[in-house]
2 protein chains.
Amino acid sequence: MKKEPSLSDVAMQLGVSKTLVSFVLNNKGDEKGISKATQKKVREKVIELNYQPNQIARGLRIGKTKTIGLLVADISNPFYARIARIIEFYAEKQAYNVMFCSSDEDENREKILLQMFRERQVDGAIISSTADNPEFLRSLIRDGFPFVLIDRYFENIDCNYVVVDNYQATYTSTNYLLNKGNKNIGFITLSPSHISSLHERKAGYLGALNERKFENKSDYILEVDYSDVKKRNYQSIKNYFVKNNELTAVFITNNNLAVAVLKTLKELNINVPNDIALMTFDDIDIFRITTPSVSVVAQPVDEIGKHAVSILLKSIEEENSQFVNKILQTKLIIRESTNK
Amino acid sequence: MKKEPSLSDVAMQLGVSKTLVSFVLNNKGDEKGISKATQKKVREKVIELNYQPNQIARGLRIGKTKTIGLLVADISNPFYARIARIIEFYAEKQAYNVMFCSSDEDENREKILLQMFRERQVDGAIISSTADNPEFLRSLIRDGFPFVLIDRYFENIDCNYVVVDNYQATYTSTNYLLNKGNKNIGFITLSPSHISSLHERKAGYLGALNERKFENKSDYILEVDYSDVKKRNYQSIKNYFVKNNELTAVFITNNNLAVAVLKTLKELNINVPNDIALMTFDDIDIFRITTPSVSVVAQPVDEIGKHAVSILLKSIEEENSQFVNKILQTKLIIRESTNK
DNA sequence: ATGAAAGCGCTAACAT
DNA sequence: ATGTTAGCGCTTTCAT
């Protein structure tokens, strides 16, 4: 790799100081009273040499890298991929760049990746945390490292977060299914189950059942290992449906899992919605074009990304800004899969 | 943000030199003959202070950031999201991090983003280029900036790339459809059409038709604007099917586009595969669970990502390594959508 | 077995 | 209107 021209190359060739060149390039030329003529000379030389400022050096000097870290379970999950795109969009508007990492829902990996982000001096991070014991988040707060949680938060940790009202979402959805006359409603979710969003989704489901005095059979709740879904091992799902064939509806807490369930039902020759109604979290493309199309709880993905970035950047740029907590509402979209 | 402890904090508190601490932390303690006892002291102090090396400073000093850039059209396209995940996986193994950007198939954006990558001193980049006039890639080569193209390459630019045999892929697919007795086979692709992969896919389709002496009506080829797909404006697709209702099969060159077509066909009440057979590029989850499931040309995504990283890192770490060109084979996966 | 000092490329306070 | 200089936190050569 050829050596790139540096500020001093530009300065030297022009017979001026680095300071001057730096001022001009940072648009402080007028403010600092650099003559128009000199400014022009500088800009021309920059183009001639194809000089590109070294942002690493700049970052070291000013203590900011204009980079933010994005830490999610899996960047290839359409929900997170979509969020990544939105985050990129808003970050770029303010000249920030984004670095991503996938934790694979592994708490230990999450810690390591976060540490890596910090060593690389990202100015802050957007995190979908998988932590069960989020002590390490406390230490981020103690150090004043700016971050905002998305999708999941922790009751006993006071920090920035942007989440949706998961309880309300599944409470409403379950009621919808009950009102359609379903008496045996299954619930399929992911483990690790300590994750706040999953936890609350389950609570919303149970809340709706209890309120209507429906018994909630524990058999009707299935927790599938994240790693099984990743490895496409759907045995537990198959067993679940074989065993609980009196179910008339099922709610699924995550898009990946819903895909797994749809595949399994297809294999088992169980028809949606005639044999069983189906509803899931996450409005991704796929659910609009399946036959039947799938009723979903849509998260306001754009809003999540937008708020996450704006809260983070505020947190980075203003010392001691207050923590902000944003709880967004979801939207129930009814399609064919719940239409018996 | 609290000031982080630095190397000299560690050194000072221990009453030793920065050099020594640096040696120990870079595992050169033994080689440099630092006594075991001192090494132990250093490591303990590091933990006590929770010292985290500043990789920006390190990067400036050694001229490497251990970061690679990933530039694609849209990180939220499942094909690219998947590749991103793979690239992350292999990069991490060698202690590299990845920064991503989406060009939106905009050549000018691509140039700017690439420049930004260079200013941020990424050690190299993996690029799915949208360029029509790829002169700026030549200047990367001139500067010795390491990069590898994926998905698309340029005939007259000698550089690293990892692509699939697109001609063969559509040639085989079209022949499959012809053998099934289809006489009027449509072809729906994206513009900008100069992109090598799209270009070759079209050539493969035409090649198969010509060989069998089938006339290729230009009406049967539809080019949809990338921006229309993004904006979910499917009017041209609708018109196409209304106009060409003698089609018995259609091949689509990209997953996003296929989703758009499936939605449109559903709206128009055109049944797949009874009214029309359908086949597309890219084996993403969605196509396995639709009814009917969709026949696809599967790209070896894992292989693409794996090779891209390994070629790039080699290119970064070895001066004057030869350019390598990898052309991978696709796999035709037949599902229900072509089963009349 | 350990340290001093230079320098990566930049910014900014302080000259002049 | 422009220049000198110190220093961000690290690595590494050369001393001792």
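Note on naming: letters A, B, ... go to the chains in the order of the sequence lines (proteins, then strands), and numbering restarts at 1 for each one.
- Here the side chain of A:R61 is nearest to one of D:dT2, C:dA12, D:dG9, namely C:dA12.
- Residue contacts shown for B:G29 are absent, as no nucleic acid heavy atom lies under 4.0 Å away.
- The side chain of B:K32 lies closest to D:dT13 when the candidates are C:dA12, D:dT13, C:dC8.
- Residue-level contact check: B:K28 touches the backbone only, with heavy atoms under 4.0 Å from sugar-phosphate atoms and none from bases.
- Side-chain proximity of B:I62 to D:dT12, D:dG9, C:dC10: nearest is D:dT12.
- Picking from D:dC10, C:dG3, C:dC10 the nucleotide with the shortest atom distance to the side chain of A:S6 gives C:dC10.
- Nearest nucleotide to the side chain of A:T19, out of D:dT12, D:dA6, C:dA13: C:dA13.
- Under the salt bridge (Lys or Arg N to Asp or Glu O under 4.0 Å) criterion, A:K28 pairs with no residue, sequence neighbours left out.
- Considering only the side chain of A:S35, D:dA1 comes nearest among D:dT11, D:dG3, D:dA1.
- Residues from residues 112-119 of chain B placing a heavy atom under 4.0 Å of any atom in DNA chain D do not occur.
- Within the nucleic acid shown, B:L7 comes within 4.0 Å of at least one base atom, counting heavy atoms only.
- Looking at heavy-atom distances under 4.0 Å, A:K3 makes contact with sugar-phosphate atoms alone, never a base.
- With C:dC10, D:dC8, C:dT2 as the candidates, the nucleotide lying closest to the side chain of B:T38 is C:dT2.
- Checking D:dC10, C:dT11, C:dG3 against every side-chain atom of B:P53, the shortest atom distance belongs to D:dC10.
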